[in-house]
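I have a structure here, written as structure tokens, and I will follow up with some questions on it.
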Amino acid sequence: MEKKTFNVQEWLNKSKSCPSIDTTADIEIITERIERAKTDIAATYADWRDLGFALSDELGEAGRTYYHRLSRYYPNYATEETDKQYDSCLNAHGHGITIKTFYHLAQTAGIDIRSGGFETRHMNTSRAQNKSRPNENTPYTPNKRSGGLAVWRFGGKNNIESENEDEEMKPLPTIPETVYENIPNFLKQCTEKAISAEDRDLLLLSSLVVISACLPNIYGIYAERNVYPNLFLFVTAQASAGKGRLTLCRKIVEPIHRALRDKAKIEQQEYQNKLSEYAASKEKTDIERPQEPPMLMLIIPANNSATGLFQILNDNKGVGLIFETEGDTLAQTFKSEHGNYSDGFRKAFHHETISYNRRKNREYVELEAPRLSALLSGTPQQVASLIPNAENGLFSRFIFYFMNIKPVWNDVFVGNDNQTLDDYFKQLGNQFHDLYKHLIQHPTPLRFCLTKSQQQAFNDYFTKAQNQYICLYGNDYIATVRRLGLITFRIAMILTTLRIMETGNITPPIQCTDTDFNTSMGIVKILIQHAAAVYQRLPAEATTSAKQTPKQKFLEALPAEFARQNYLSTAQQLSI
């Protein structure tokens, strides 16, 4: 008797109150196989149209990125035509085509649609193939094996392909190629020197974060509050996974940091001269004591006291960037008696007022609308050290990117001997400095906004995502999904602002294009999966509520392979 595939997503979908995210994971895996094969799975217009129906039915607006990724192997692929077709699919109702059509088209093209493998069965397929129109009721083709009971196998994220499969978490998806085709030219230059898909993601996200600290006069309105572009990022990986390359992105903003430090040195020297004159004066009643100048800088050391950090932020009108390649530096600072500024750190994410007592003259200070960005990296253990649980809100404020170490030796002699990576990124820093000076000199703040259709697509996606992830991980995870919404808005703000380098247009309001909106959504749809993976690695007490859901208990109780009798017996034991 043949073995059947037990699809976790299909089973979870039976509960209307608990939609599943595993379909998205399956679609991503199969799409990556199609991209590796460079295969056009829609040979005719009917196939292409039905593919759009299948993706729009399952994913809504979120399926647009996949439609482009799957359509671009057609020789006459056009972005506008593909968008127009997908719009038609979204607006159609009652077409009756489901996501099964996507699996059918992929399998017909020779792609392995099983959830656990990573190879395609056939690597050369052309548009000239004669494919028949899919039947909307086409089921998954089961993995046939000889003899035995009907044995079910998990599909999607929890898939187990063989008895000897490594129990480690499968590699997480990387940001799709289509995203990189549409990012601003400056970011294309920032990612040009990448040596792998993960390294390219690292350079993109790190660039976005450092840039987020240096966009003066840019703001948007989100949930009826003024928000700024600032982002928090934590890149986590085992030692030697390559996360250290994010230090290259620091050079993008070093000209700004250096200019502030040079100005501070000049002002400090002037202050010392005036202080000497004041000290030498005999009639001090006629001379006002000189005021100590602000400590100007962009990049603020993480190893700092709470008051020291807040004073530096105050001196810099609330703007700063914490850039630390060892996450435990900040973790140890938070644990020290005078260095625990975790509360202020969390407030800064939402630009909430931070109050503190200034050390000199016991002065009470209120720092309004702080605009702090942070870029950290470290091992998974360092994440747990900094964020022991998800309850205090620090976890949900971060973008997380989990890098998987790969046993591949990189050629350390490849590249341009006449220009190092340091020199390359210094040049990018000089280019970006010009935009920074242009923005800081603008006489009025520049408001960023989304169009009405973008707002609707945004709300539709995050409504669905919130329901899905709360179902799987419980109420502790709701803050992560909601703040990822704000992060998406901020990424779109950064992308739109960087377009000024190309167009020179700085007329307010600066409105997001559909290209940049889709790009920001495409990025965050990957980041939401990375956040979930890091969340699952937090200490057990941090995710207790998520593991107590009946369906999670049931999945954990089932063996890798089971017959229907085992399935029913386990369910009965758990009173399901």
Are K437 and D434 close enough for a salt bridge, meaning some N to O gap below 4.0 Å?
yes

Would you please name every residue forming a ring pair (Phe, Tyr, Trp, His ring centres under 6.0 Å) with H530, sequence neighbours left out?
Y401

Side chain to side chain, F102 and T31, heavy atoms closer than 4.5 Å
yes

State whether a side-chain donor-acceptor pair under 3.5 Å links D83 with H68.
yes

Do T236 and M403 touch side chain to side chain, with heavy atoms closer than 4.5 Å?
no

Under a 3.5 Å cutoff, is there a donor and acceptor pairing between the side chains of D460 and Q456?
yes

SB check R250 E254 (cutoff 4.0 Å):
yes

Below 4.5 Å, heavy atoms only, C-beta onward: do V383 and V534 meet side chain to side chain?
yes

Distance under 6.0 Å and angle within 45° of ring axis: K525 vs Y66
no

Might you point out which heavy atoms bring I252 and F432 nearest each other, and give the distance in Å?
O-CD2, 3.9 Å

Distance check, rounded to the nearest 0.5 Å: Y436 atom OH versus I211 atom CD1?
13.5 Å

What I want to check is whether the side chains of T420 and D423 have a donor and an acceptor closer together than 3.5 Å.
yes

For S520 against L495, the heavy-atom pair lying closest together
N-CD1, 4.0 Å

Please determine if R371 forms a cation-pi arrangement with Y228, meaning its NZ or CZ atom is less than 6.0 Å from the six-membered ring centre and no more than 45° off the ring axis.
yes

So, K464 and E61, do they make that salt bridge, N to O below 4.0 Å?
no

If you define the side chain from C-beta out and look only at heavy atoms, does anything of T333 sit under 4.5 Å from Y341?
yes

Under 6.0 Å between the ring centres of F398 and F349?
no

On the ring face of Y424, is K193 found with NZ or CZ under 6.0 Å from the centre and within 45° of the axis?
yes

Between E177 and R200, is there a side-chain N and carboxylate O pair less than 4.0 Å apart?
yes

Lys/Arg-Asp/Glu bridge criterion (N-O < 4.0 Å) met for K84, E81:
no

Would W48 and Y86 count as a ring-ring contact (aromatic ring centres under 6.0 Å, His included) if you check the C-alpha gap in whole Å, the side-chain angles of each, and the deciding distance to 0.1 Å?
CA-CA 10 Å; W48 186 52; Y86 197 74; over 10 Å; no

Which atom names give the shortest non-hydrogen contact between H442 and N217, and what distance separates them?
O-ND2, 3.3 Å

Looking at every heavy atom in both Y77 and R72, which two are closest together, and how far apart are they?
CG-CA, 3.4 Å

Non-hydrogen atoms of T497 and L435 that approach each other most closely
O-CD2, 4.3 Å

Taking only residues at least two apart or on different chains, which pairs with a member in residues 477-508 satisfy ring-ring contact (aromatic ring centres under 6.0 Å, His included)?
Y222-F489, F448-F489, Y469-Y477, Y473-Y477, Y477-Y535

